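The structure appears below as structure tokens.
All values reported here derive from a predicted model rather than from experimental measurement. In what follows, chains carry the letters A, B, and so on, assigned in the order in which the sequence lines appear, proteins first and then strands, with residues in each chain numbered from 1. Computed from heavy atoms alone, side chains included, the values below leave out hydrogens, waters and symmetry copies.
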Amino acid sequence: MSIQIYNTLTRKKEPFIPMEEGKVKMYVCGPTVYNYIHIGNARPVIVFDTVRRYLEYRGFDVNYVSNFTDIDDKIIRTANELGEEVGELTDRFINAYFEDVGALGCAKADAHPRVTEHIGDIIAFIQVLIEKGFAYEAQGDVYYRTRKFDGYGKLSHQSIDELKVGARIEESEIKENSLDFALWKSAKEGEISWESPWGHGRPGWHIECSVMAREHLGDTIDIHAGGQDLTFPHHENEIAQSEAMTGKQFARFWMHNGYINIDNEKMSKSLGNFVLVNDIRKQIDPRVLRFFILSVHYRHPVNFAQELVESAANGLDRIQTAYTNLKHRLKSSTELGDQQDIWKNKVDEAVRLFEVAMDDDFNTANGIAAIFELVKVANLYQLEKNTQTEVLNSFISAFEHLMEVLGLPFADEDLLDDEIEALIEERLTARRERNFGRSDEIRDLLKDKGIILEDTAQGTRWKRG
RNA sequence: GGCGGCAUAGCCAAGCGGUAAGGCACGGGUCUGCAACACCCUUACCACCGGUUCGAUUCCGGUUGCCGCCUCCA
């Protein structure tokens, strides 16, 4: 069974078969860098990083490209307000972006193109669109002639006429049609700008992605992804531009993730409920944030609330504990045994469940359920009097692989300080002597240092709380 | 007005024709010197009304209630 992906273009799940066997070309719309990203911005980064990881797990070679919009109105306005150069501002927030999403376990893309590095390509692209009659210059701006492109609306499943009726945009004197959108915007006095055949100006928002996707991945890409709200007009416009340019299909699969709400309300400036990743990751373990986001199917909305994140933290902890306990048990395991196949089959079954879930349009909620199945079986196995190294290792390996796909690798255990180790030893002695006063004192002392002790039949183990 | 989504236990969340996965929380028990971890047990008239079907949470129609897009937005 191949991987099934829900394609916004067809509104159906379709078997995913890349153009070139074993290779996937993937483009994800990145942020406009004029501020720290909020958790809503982080969702697609996490979700599609996970998609990429799973495709790689499945043996695909993924060429993953995600852009930075480093020139636009909001950037210019913010730079003016802060009295900062545009380039300084965008560099600053691009660095912050990498720190934020890196903390969330997102790997870097194979390429992170910036608009300002592609101005020449953009101008050339626009020129061709003009030559082909898909664009026109008007008073130093260049607009896309939406009426000219037959497929306009095929992604958002709207006809041009319906779009016009609902359009809240004001009729423009200089545009032929209110749905026409800017490919090139003439610069205002003193504004950062680039030389072009139409005078000084800068690119419009939609053209960038068409150009950068093509420069880095070619005329047709396998997967184009982004937030749901980009479906219209951004992605619709990208299709219009790219397909007018090449005459070929632009993207074969379009994936869109749902929103994040805050306490059941949409994040908005007026409500003042923006949650910046840069702030929240200092309060909440970023691994918990990622786990929380992946616990819901990517196309469904996620409600971000304190208690929900806490419950996710407890769940992640259960997985972590099972894994850590397996590692500890390794120290008291044996080489021989007779039931290894039974247990190893259970491990394989959990891994299979995980794959079935992920094959089905990256159903991470079910994938996580499969991991909990593994937790259950692992915990039961550890109730056995004798555990075998080989079986323990197959559990450990399954945990590591699956969590790696989710971008939640287990942290390496820190070594204990000699002092702490000595305290654990002293406590053991105290317990043997039934000096529970001293024993509990030591346990509390270590607890203050963030070390939690657990006594088992195989001895005392510890973890960082 | 157009397009679309969602309504499942206290909370979160899968399921998409054969009478309900998983997690969190709660309660009871086992284990423990006490804990912690773990294990066992317990918890659902699937929004409402019709229809199709031998059979529907799952399909169709309708109702109600939320939500999104149609403007910059992840």
Touch class at under 4.0 angstrom, heavy-atom based, for A/Asn325 against every strand present: sugar-phosphate
Plane angle bin for A/His297 and A/His300 - parallel if under 30°, tilted between 30 and 60°, otherwise perpendicular: tilted
Spacing of the C1' atoms in B/rU58 and B/rA20 (rounded, Å): 11 Å
Sugar-phosphate only, base, or nothing, as touched by A/Ile37 at under 4.0 Å among non-hydrogen atoms: nothing
Ranges pairing with ranges for RNA chain B, where each run has three or more Watson-Crick or G-U pairs under 3.5 Å: B:1-7 with B:64-70, B:10-12 with B:22-24, B:27-30 with B:38-41, B:47-51 with B:59-63
P-based separation of B/rG50 from B/rA56 [nearest Å]: 13 Å
Rounded distance in Å - NE2 (A/His235) to P (B/rC70): 13 Å
Nucleotide nearest A/Leu308 when distance is taken to its side chain, options B/rA35, B/rC37, B/rC12: B/rC12
Sugar-phosphate, base or nothing in reach of A/Thr321, heavy atoms under 4.0 Å: sugar-phosphate
A/His216 to A/Ala111 - nearest heavy-atom pair and separation: ND1-CB, 3.8 Å
Rounded distance in Å - CG (A/Leu453) to P (B/rG33): 16 Å
Same-atom distance (P) from B/rU32 to B/rA44, integer angstrom: 32 Å
Heavy-atom donor-acceptor pair, A/Arg443 side-chain to B/rC34 base, under 3.5 Å: yes
Distance test, side-chain N/O of A/Asn379 to OP1/OP2 of B/rC39, below 4.0 Å: yes
Interatomic distance where CH2 belongs to A/Trp462 and C1' belongs to B/rC37 [whole Å]: 15 Å
Any donor-acceptor N/O pair under 3.5 Å between B/rG2 base and A/Ser159 side chain: no
Aromatic plane relationship, A/Tyr323 with A/Phe410 - under 30° parallel, 30 to 60° tilted, over 60° perpendicular: parallel
Aromatic centroids of A/Tyr97 and A/Phe68 separated by under 6.0 Å: yes
Step-by-step side chain to side chain contact (heavy atoms under 4.5 Å, CB included) determination, A/Tyr64 to A/Phe48: CA-CA 10 Å; A/Tyr64 190 95; A/Phe48 298 116; 3.5 Å; yes
Rounded distance in Å between the P positions of B/rU30 and B/rC46: 36 Å
Phosphate-side-chain proximity, A/Arg461 and B/rC37, N/O vs OP1/OP2 below 4.0 Å: no
Distance, rounded to the nearest Å, where A/Lys447 contributes NZ and B/rC37 contributes C1': 14 Å
Annotated protein contacts, base or backbone, on nucleotides 13-25 of chain B with a non-hydrogen cut-off under 4.0 Å, one of B, S, - each: SSS-----BSSSS
Whole-angstrom distance between B/rG15 and B/rG5, as gauged at atom P: 15 Å
A/His224-A/Phe253 aromatic ring centre distance below 6.0 Å: no
Integer angstrom distance from the P of B/rC54 to that of B/rU63: 28 Å
Any A/Lys154 side-chain nitrogen or oxygen under 4.0 Å from OP1 or OP2 of B/rC3: no
Same-atom distance (P) from B/rG62 to B/rC3, integer angstrom: 13 Å
Sugar-phosphate, base or nothing in reach of A/Gly40, heavy atoms under 4.0 Å: base
Sugar-phosphate, base or nothing in reach of A/Pro31, heavy atoms under 4.0 Å: nothing
Sugar-phosphate, base or nothing in reach of A/Thr456, heavy atoms under 4.0 Å: nothing
Distance, rounded to the nearest Å, where A/Glu236 contributes CD and B/rC69 contributes P: 16 Å
Atom-pair distance (CG on A/Leu9; P on B/rG4), nearest Å: 15 Å
Could you list the donor-acceptor pairs under 3.5 angstrom formed by side chains in residues 345-358 of chain A, with sequence neighbours left out?
unit_1: A/Asn345; atom_1: ND2; unit_2: A/Asp341; atom_2: O; d: 3.2
unit_1: A/Glu349; atom_1: OE1; unit_2: A/Arg352; atom_2: NH1; d: 2.8
unit_1: A/Glu349; atom_1: OE2; unit_2: A/Arg352; atom_2: NH1; d: 2.8
unit_1: A/Glu355; atom_1: OE2; unit_2: A/Tyr57; atom_2: OH; d: 2.6

Nearest-Å distance once atom C1' is located in both B/rU42 and B/rG27: 8 Å
